Amino acid sequence: MTWLVTGGAGYIGAHVVRALIADGHEVAVLDDLSTGFKERVPDGVPLIMGTVLDPAALARAFGDHEVSGVVHLAGKKKVGESVAEPLYYFHENVEGLRVLLAAMGGHGVRSLVFSSSAAAYGMPDVEFVTEDTPCAPLSPYGLTKLVGEQMIAAAAVAQPLSYVNIRYFNVAGSASPELADRGAANLIPLIFERVDAGLPPRIFGDDYPTPDGTGIRDYIHVADLAEAHTAAARRLIADPQTALTVNAGRGVGVSVREIIQTVGSVIGEPGLTGAVEARRPGDPARSVASADRIREELGWTARRDVREMVESAWAGWRR
Ligand code: WQD
């Protein structure tokens, strides 16, 4: 049996592909290379170049590779872009998933791991976000993830389908330099970009009700996150009745100032400090996962700390 990884040439997808292989699974990749890179697909792993929006590409993938499960990561993930182009996000993320589910139904593919996001929660006013914390997404991006989860649950009533939705918290780092995130859309690469420009990293607000006043997030190493997907895949193989939604985080809150400090220490600028600017609209003060359910249900716990995330991200950035 083969797992089809959609978006397998992307940053997170490339890590998931390697984790699945390391766990002994057969893997094929479907990717339209819109943001992915061919070089990230390991030798020997079939790459179907196409989009999940194209039933013919899906039919090819399912027909040629004895696919019995899908790990669906293909999609758009820029929060700001989703505000400017909401309908594009609904097309890519929601319609893309609908076409995928229809094709899975048509080809008898019954297992799905879905890449969801902490963005589904919006601005949770709790110390630890559990999967039962009410979802109130603040961006079209977060909404497409929540709608995706709901569509999967509805489809699972009408077609044989077991699933694990994984809500990612703040993903960082890389397993090796060539697999690093190549964009600078999140805090850690944005700090690197500023350092390279000889400018202080920007701190979006230091007047939050947090110990040092800056925003707190739950950063998770992408290699740990990838292993959460293999744990989900194993569960789906063992129990075809699975219908699960889990957070993927460490359950540890880290502030913007703490991240800047770690970056300073890793890059040999121990005095590195940020320049405080206005809050960024829509940013919660704190977003930290409860990691209990994923541990209990999938036996998965993150192993890598923030320093490993920053060191590996820096190695990738330098490359
Ligand atoms: C982290 C913290 C900022 C840049 C988003 C999405 C989420 C997921 C990950 C997609 C916040 C602060 C940032 C900077 C700063 N996306 N910050 N200076 O917003 O928590 O999450 O990305 O899959 O769904 O919402 O991540 O890395 O942008 O910010 O002070 O230059 O760093 O305010 O507190 P965020 P982020």
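All ligand and atom numbering here is 1-based and tracks the order in the structure. FYI, side chains are in, hydrogens and waters are out, and symmetry mates aren't considered; it's all heavy atoms of this structure. Being a predicted model, the structure only gives us computed values, none of them experimental.
Short contacts between ligand 1 and N186, defined as distances under 4.0 Å to a heavy atom of the residue, involve ligand atoms 9 (C), 22 (O), 26 (O), 27 (O), 28 (O), 36 (P). The R202 neighbourhood of ligand 1 comprises atoms 14 (C), 15 (C), 18 (N), 30 (O), 31 (O), with distances under 4.0 Å to a heavy atom of that residue. The atoms of ligand 1 that sit less than 4.0 Å from any heavy atom of I203 are 30 (O). Shown in contact with Y219 at under 4.0 Å from a heavy atom are these atoms of ligand 1, numbered in order with element: 1 (C), 2 (C). Atoms of ligand 1 lying under 4.0 Å from at least one heavy atom of S117, given by number and element, are 24 (O). Counting the atoms of ligand 1 from 1 in the order shown, those under 4.0 Å from a heavy atom of V79 are 6 (C), 25 (O). Below 4.0 Å from some heavy atom of K77 lie the following atoms of ligand 1, by number and element: 10 (C). Within the listing of ligand 1, atoms 24 (O) sit less than 4.0 angstrom from a heavy atom of A119.
Side chains of D132 and T130: no donor on one and acceptor on the other come within 3.5 Å. Donor-acceptor pairing under 3.5 Å is recorded for the side chains of R307 and S265.
A salt bridge does not link R18 to E178: none of the charged nitrogens lies less than 4.0 Å from a carboxylate oxygen.
Atom 14 (C) of ligand 1 has as its closest protein heavy atom F204 CE1, 3.3 Å. Scanning the protein heavy atoms around atom 3 (C) of ligand 1, the nearest turns out to be D283 OD2, 3.5 Å. The protein heavy atom nearest to atom 12 (C) of ligand 1 is V256 CG2, 3.6 Å. Of the protein's non-hydrogen atoms, the one nearest atom 35 (P) of ligand 1 is N170 ND2, 3.5 Å.
Using cut-offs of 30° and 60° for the angle between ring planes, the W3 and H25 rings count as perpendicular.
With hydrogens and angles disregarded, a donor-acceptor distance shorter than 3.5 Å links the side chain of E308 to the backbone of D305. No donor-acceptor distance shorter than 3.5 angstrom exists from the side chain of N247 to the backbone of A289, with no hydrogens or angles considered.
Compare R217, K78, R257, R280 by their heavy atoms: the one nearest to atom 36 (P) of ligand 1 is in R280.
Residue contact check for ligand 1: Y208 places no non-hydrogen atom closer than 4.0 Å to it. Heavy atoms of A118 stay at 4.0 angstrom or farther from ligand 1. For the ligand labelled ligand 1, residue Y141 lies inside the 4.0 Å heavy-atom shell.
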Practice task
Tell me, with the steps shown, if E85 and K76 meet salt bridge (Lys or Arg N to Asp or Glu O under 4.0 Å).
Solution key: CA-CA 11 Å; E85 294 189 68; K76 299 297 161 197; over 6 Å; no

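Between H229 and the choices V164, V17, L73, the side chain to side chain contact (heavy atoms under 4.5 Å, CB included) rule is met once, by L73.
With a 4.0 Å heavy-atom cut-off, ligand 1 is reached by the side chain of L190 but not by its N, CA, C or O. The proximity of L187 to ligand 1, defined as any non-hydrogen pair under 4.0 Å, involves the side chain as well as the backbone. If you look at I188 next to ligand 1, there are no close heavy atoms at all, none under 4.0 Å.
For atom 8 (C) of ligand 1, the nearest protein heavy atom lies 4.0 Å away or farther.
The local environment of CZ in R318 is crowded, with over 12 non-hydrogen atoms from other residues, nucleotides or ligands closer than 6.0 Å.
A cation-pi geometry, defined here as NZ or CZ lying under 6.0 Å from the six-membered ring centre and within 45° of its normal, holds between R279 and Y208.
Contact check for L30 versus I48: side-chain heavy atoms found under the 4.5 Å cut-off.
The hydrophobic cluster containing Y88, built from Ile/Leu/Val/Met/Phe/Trp/Tyr side-chain heavy atoms closer than 4.5 Å, also comprises V79, Y89, Y141.
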